[in-house]
Amino acid sequence: MGKKVALTGNEAAAHAMRQINPDVIAAFPITPSTPIPQGVAQFIADGKMDTEFVTVESEHSAMSACVGAAAAGGRVMTATSANGLALMWEILYIASGSRLPIVTAIAARALSGPLNIHGDHSDVMGIRDAGWIEIAAENSQETYDGLIQAIKIAENKDVMTPATVFFDGFDISHSIEIWEMEEDKKVKDFIGEYTPLYPLLNTKEPVTHGAWAPPDWYFEHRMNQLEGLLNAKEVVKQVGKEFGKEFGREYGLFEEYKMDDAEYVIVAMGSVCGTTKDAIDSLRAQGVKAGLLKVRLFRPFPYQEIAELLSNAKAVAVLDRVSPAGAQGGPLFTEVRSALYDVNNRPPVVDYTYGLGGRDTQPKHIKSVYEALMQIVNTGKVEKQFDCLNLRGTWG
Amino acid sequence: MSKKLDIRWHGRAGQGAVTAAKTLAELISQESGVYAQGFAIYGAEKRGAPVVAFTRVDEKPIRDHSAHMEPDIVLLLDPTLLGLVDVKEGLKKSGRVIVNAPFDKQQVVDELELQGYDVYVVDANKISMDALGRAIPNTPMIGALAKVTGLFSKDEIVKGVIELLEESGKFPQKIIDGNRQSIEKAYEEVK
């Protein structure tokens, strides 16, 4: 068991980085993730870690420096949010396409405009096709645990794919919570030493990184890359188990909360899952068979496992912390609904957008979702496939 | 006494309401088997703008990440917020209100229409001005809260806050001594 601490989500991420002590961190500050590089810089100044901290003039340069350092053979990390992540976008593809296991902590935040610095998933959903592993954390504990595991997942030789652990801006990044910090040495032992496959700095075996791939090879490279990303699913399970064995907190692809006999199920990611668990407990006390499927691994998306679990439900609501932006629903909804197409028992699935730009989502809003699901089951009719939680007025 | 406690802090940016909410969470959670959460609603980040911060305490891990709260205790850190913020919003019938104001209790009760609630008043600005030369009411209000709730003895709360201030490494001895004095005085004077 670790040491009980009262620290914010950002401090959890900074401490994970301190214990991981990567070779290089290149970062540029942006709200709400700024306290992560700030904390790291303090640890370095205090002699508590010896990472080479590269200060840069933009996030584009931060990710570029990460790519260079990772290609050179280093263990590399960074942190960002929102517009900063958007500015990294071009280089995110170069990191994944070059099979560089960079790990990024993301305090998830709305993208401007209008200017907003608060929690939402617009940034992490914007990079969902960049070929990165995406792991959602509910709270500070999962942020800390997730970053430690992400190093091992990304660096697995069958994976060799960059990974991000995201947690909600302000809701988690700036909230003090109680969580357990493990001993430095135990974390160090858990992640082990990193041996890069083809380090650029190994002059005895010169290699080329970032080579030109014309039409006769680019396709094969891309599919090779996809294989690495898909391999991450089994490795996430395996590392989650090992982590549980070592530290007592086991992780999988998702968390099932009161799912065994659940008739009405919410599928969600991030801090809203905690609020949802509280709502479920009070509904269960009234005899409502409510459950939560908390998605932890969003990329690669474990569609078969999720479809199988949801096929026992009577009705399902997906919560997306992002606008559908013209799609049938938010990204989590379209994934879940598509996954269910292959199973025989397909419950009705509806989508809610919630929490945009830091809008508060309270237990009563979650309860209203379960009430809507009960209504769907009672009437056999879906009145609204898409709706919003805690929006002024009504949608549609 | 049940360990479950919900606390809301109203202040103005710069007065340390957010720091107070988080400091209290940190202090309370030092006891084993007690969980706490400290957070704030971040607005435009302008000095002087009204801010709201929260501290949740429970015997089990706190999972709710919304700002929904039916507080047991509301603290008002700035007398100029009287009438501007809804102190009673969600406040439990048995709820207590601690106000930083230079007025007497009856005036505060009338102004905030707090008849029927337990109201406590302390002139934290004056205490802070005397001890630090600046009106930073957050630490004296933590002292007042300790007294009103009985969560900490005077020695415990002084020791706890001062340790955290020292650990942060940000403050000269003069500021630390001033804070010690403010906490003690507010603990003694709140009524």
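Below, chain A is the first sequence line, B the second, and so on; all start at residue 1.
No side-chain heavy atom of Glu189(B) sits under 4.5 Å from any side-chain heavy atom of Lys191(B).
Here the straight-line distance linking atom CZ of Phe152(B) with atom CD1 of Ile157(B) works out to 5.0 Å at 0.5 Å rounding. To the nearest 0.5 Å, atoms CD (Gln173(B)) and CG (Leu165(B)) are separated by 10.5 Å.
Residues Ser175(A) and Lys22(B) have side chains that never bring a donor and an acceptor to within less than 3.5 angstrom of each other. Checking Glu371(A) against Ser368(A) by side-chain atom types alone, no donor-acceptor pair falls below 3.5 Å. Between the side chains of Thr8(A) and Asn10(A), no donor-acceptor pair is found at a separation under 3.5 Å. Donor-acceptor pairing under 3.5 Å is recorded for the side chains of Glu177(A) and Ser140(A).
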Run the numbers on Asp184(A) and Gln19(A) for side chain to side chain donor-acceptor pair (under 3.5 Å), then give the verdict.
CA-CA 5 Å; Asp184(A) 294 1; Gln19(A) 296 181 317; 2.8 Å; yes
Working for side-chain contact (heavy atoms from CB on, under 4.5 Å), residues Trp9(B) and Leu145(B):
CA-CA 11 Å; Trp9(B) 309 71; Leu145(B) 178 76; 4.2 Å; yes
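Listed by first and then second residue, the side chain to side chain donor-acceptor pair (under 3.5 Å) pairs that reach into residues 127-142 of chain B are Lys126(B)-Asp130(B), Thr139(B)-Asn179(B), sequence neighbours excluded.
Proximity to chain B (any heavy atom under 4.5 Å) is shown, for Leu7(A), by neither the backbone nor the side chain. Interface remark: Thr276(A) contributes no atoms to any contact with chain B (heavy atom separation under 4.5 Å). Proximity to chain B involves both the backbone and the side chain of Lys277(A), based on heavy atoms less than 4.5 angstrom apart. Neither the backbone nor the side chain of Asn116(A) has a heavy atom closer than 4.5 Å to any heavy atom of chain B.
The aromatic rings of Tyr42(B) and Phe170(A) sit tilted, their planes meeting at an angle between 30° and 60°. Note on ring orientation: taking the six-membered ring where Trp is involved, the planes of Trp179(A) and Tyr144(A) are tilted (angle from 30° to 60°).
Inspection of non-hydrogen atoms places Asp360(A), Thr361(A), Gln362(A), Pro363(A) of residues 352-365 of chain A under 4.5 Å from chain B. Residue-level contacts of residues 67-89 of chain B with chain A, in order of numbering, are Ala67(B), His68(B); threshold 4.5 Å between heavy atoms. Contacts between residues 33-46 of chain A and chain B, counted as heavy-atom pairs separated by less than 4.5 Å, involve no residue at all.
Of the options Asp145(A), Asn139(A), Thr143(A), a side chain to side chain donor-acceptor pair (under 3.5 Å) to Gln141(A) is made by Asp145(A) and by none of the others. The only member of Val158(B), Thr23(B), Ile183(B) that meets side-chain contact (heavy atoms from CB on, under 4.5 Å) when paired with Ile142(B) is Thr23(B).
Heavy-atom pairs under 4.5 Å with chain A were tallied for Ala25(B), Pro61(B), Ser29(B); the largest tally goes to Ser29(B).
No donor-acceptor distance shorter than 3.5 angstrom exists from the side chain of Gln37(B) to the backbone of Ile62(B), with no hydrogens or angles considered.
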